[in-house]
Amino acid sequence: MTNRNELRTPPRHQRDDSRGRAVKELWYFVPAAYLGAWLVATPLWLTGFRREAPSQHAGPLVAACLFAMMVVPAVVAILLTRWRHPWRDVPRILSLGLPSPRGRALVQCLWASTVFVAITLVGLIPAALSGVYRPAWPQSAWSLLAMPLSAIVSLPLYLGEEIGWQGYMMPRLTLRFGTVTGICVGGVLWGLWHMPMTALGGSYPGHPLYVAIPAAVAVAVAAGAIIAVIRIRTHSVWPAVAAHLGLNEFALPLPQLTAASDHAPDPLFVGPLSLITWPIMMIAGGMALYTISGAGHRRGLRGTGRKSRAA
């Protein structure tokens, strides 16, 4: 049963105090998350690494830096939360509880993991019609079977990102700017946070910075809106983790695995991060934002720990 106190609008001075505190906490979190990302990516810059082609495989150093970068948001979020709250309150404040009942939580996570796969499949249709993508049967069934295994192994990394973005940053952004604007601002911050890797050819190998960075930010705004709405509707970080995992572990490799061997697709034009798929992603993100633009889902934005006296 819904607790009426959760929906009651607090007095204006309390709202102003909460917004002011949210801004202060964001000033701690965002610079720390950005600084941490640049620090862990420093070895790649010092060694002169640059990804020039989609087929270029990442070595151990690239993988280590990428893995470290993905856990930075969680480390910052947990430390900042623990600074003001006892350990026992940290999971609740960061929305790490599973939705109830557990069976529904599993269904929500499985559904969330397919969202970006569906968007990517739709985007491959115009890509194929335009000739930039030539579909073919996968060369190896093992590649498809390895995707779920990779997703399971990589799960802690996506949890690391979303504890920071959806568990800590998003509730404060929506408290400060409102739901829709806060989510859009969060998408911009999320996209720019990837700059240490994007500038090295991470998402768009072989393309200049003035193309790669705006494209990465634009996609992050659309994809981030979808992930944020999933987090709000489910009142938990875990389905958002599943959505992010589905984007990187299933949707991103899909064009590479299903393209003709003599025509490697360019991620700028083919796949979930491409210019062709971007309008579809924007439509999906806009529809998702519309569903939570009213007051009915404000409870999903809890996560700033305002009610705990450890503050």
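Small disclaimer: the values here were computed from a predicted structure and weren't measured.
- Between the H263 side chain and the A259 main chain, no donor and acceptor come within less than 3.5 Å of each other.
- Side-chain N or O atoms of W193 include one that pairs as donor or acceptor with a backbone N or O of A33 at under 3.5 Å.
- Residues I163 and P73 fail the side-chain proximity criterion, which asks for heavy atoms closer than 4.5 Å.
- Put simply, the side chain of P196 reaches to within 4.5 Å of the side chain of M69, judged on heavy atoms.
- The main-chain N or O of A288 is found under 3.5 Å from a side-chain atom of T291 such that the two form a donor-acceptor pair.
- Screening V132, L129, V270, L268 against I276 for a side-chain contact (heavy atoms from CB on, under 4.5 Å) leaves a single residue, V132.
- In terms of the side-chain hydrogen bond (donor to acceptor under 3.5 Å, both in side chains) criterion, residue partners of Y133 (sequence neighbours excluded) are, by chain and number, T258.
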I232 and T179: CA distance, side-chain angles, deciding distance, side chain to side chain contact (heavy atoms under 4.5 Å, CB included) verdict
CA-CA 10 Å; I232 291 171; T179 304; 4.3 Å; yes
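- Residues L39 and V75 do not share a hydrophobic cluster, clusters being chains of Ile/Leu/Val/Met/Phe/Trp/Tyr side chains in contact below 4.5 Å.
- Using a distance-only test at 3.5 Å, with no hydrogens or angles considered, no donor-acceptor pair links the side chain of S150 to the main chain of A146.
- Take P208 and apply the side chain to side chain contact (heavy atoms under 4.5 Å, CB included) test, not counting sequence neighbours, and it matches Y210, V211.
- Under the rule for a salt bridge (charged side-chain N to carboxylate O under 4.0 Å, His left out), the partners of R50 that lie at least two apart in sequence or sit in another chain are E52.
- Between I227 and W190, the closest side-chain pair of non-hydrogen atoms falls below 4.5 Å.
- Applying the ring-ring contact (aromatic ring centres under 6.0 Å, His included) rule to F67 yields no partners; only residues at least two apart in sequence or on another chain are considered.
- Through ILVMFWY side-chain contacts below 4.5 Å, L46 is grouped with nothing and stands alone.
- Within 6.0 Å of CH2 in W238 there are 12 or fewer heavy atoms belonging to other residues, nucleotides or ligands.
- The main-chain N or O of Y168 is found under 3.5 Å from a side-chain atom of R172 such that the two form a donor-acceptor pair.
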Set out, in order, the CA-CA distance, both residues' side-chain angles and the distance that settles side-chain hydrogen bond (donor to acceptor under 3.5 Å, both in side chains) for S236 and R231, then state yes or no.
CA-CA 5 Å; S236 173; R231 177 259 196 267; over 6 Å; no
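- Legend: residues meeting ring-ring contact (aromatic ring centres under 6.0 Å, His included) with Y158, ordered by chain and number and at least two apart, are H244.
- Distance alone, capped at 3.5 Å, is enough to place a donor-acceptor pair between the R82 side chain and the H85 backbone.
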Run I183 and L173 through side chain to side chain contact (heavy atoms under 4.5 Å, CB included) and show every step you take.
CA-CA 7 Å; I183 289 174; L173 285 175; over 6 Å; no
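- Between G285 and I226 the shortest heavy-atom distance is CA-CG1, 3.7 Å.
- For the side-chain hydrogen bond (donor to acceptor under 3.5 Å, both in side chains) condition, the pairs that include at least one residue of residues 266-280, sequence neighbours left out, are H207-D266, S274-T277.
- Heavy atoms only, all atoms of each residue included: I230 and A240 are closest at CG2-N, 4.0 Å.
- Among pairs with a residue in residues 27-43, none fulfils side-chain hydrogen bond (donor to acceptor under 3.5 Å, both in side chains), at least two apart in sequence or across chains.
- Between the side chain of R51 and the backbone N or O of G202, at least one donor-acceptor pair lies under 3.5 Å.
- Residues S95 and H235 fail the side-chain proximity criterion, which asks for heavy atoms closer than 4.5 Å.
- When side chains are defined from C-beta on, C65 counts as touching L61, because their heavy atoms get closer than 4.5 Å.
- Between L192 and T198 the shortest side-chain heavy-atom distance does not fall below 4.5 Å.
- The side-chain heavy atoms of P267 and L273, taken from C-beta on, include no pair separated by under 4.5 Å.
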Show me the donor-acceptor pairs, under 3.5 Å and distance only, between side chains in residues 107-126 and residues at least two apart or in other chains.
residue: S113; atom: OG; partner: L110; partner atom: O; Å: 2.7
residue: T114; atom: OG1; partner: W111; partner atom: O; Å: 2.7
residue: T120; atom: OG1; partner: F116; partner atom: O; Å: 2.7

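- The nearest pair of heavy atoms linking A251 to P272 is O-CD, 3.6 Å.
- No chain of hydrophobic side-chain contacts below 4.5 Å, direct or via other Ile, Leu, Val, Met, Phe, Trp or Tyr residues, connects V153 to L144.
- Residues passing the side chain to side chain contact (heavy atoms under 4.5 Å, CB included) test with W137: none are found, sequence neighbours excluded.
- Residues W87 and I78 form a side-chain contact, since some pair of their non-hydrogen atoms from C-beta on lies under 4.5 Å apart.
- By the rule that hydrophobic residues join a cluster once side-chain heavy atoms approach within less than 4.5 Å of another member, L35 and V30 end up as members of separate clusters.
- Closest of all the heavy-atom pairs between F177 and G182 is CB-N, 3.8 Å.
- Salt bridge status for R84 with E25: present, with a side-chain N to carboxylate O gap under 4.0 Å.
- Judged as a side-chain hydrogen bond (donor to acceptor under 3.5 Å, both in side chains), and not counting sequence neighbours, Q166 has no contacts.
- Side-chain atoms of T174 come within 3.5 Å of backbone atoms of P171 as a donor-acceptor pair (strictly under, hydrogens ignored).
- Annotation: side-chain hydrogen bond (donor to acceptor under 3.5 Å, both in side chains) contacts of W165 (sequence neighbours excluded): E161.
- Transitive grouping of hydrophobic side chains (ILVMFWY, heavy atoms separated by less than 4.5 Å) brings L44 and L209 into a common cluster.
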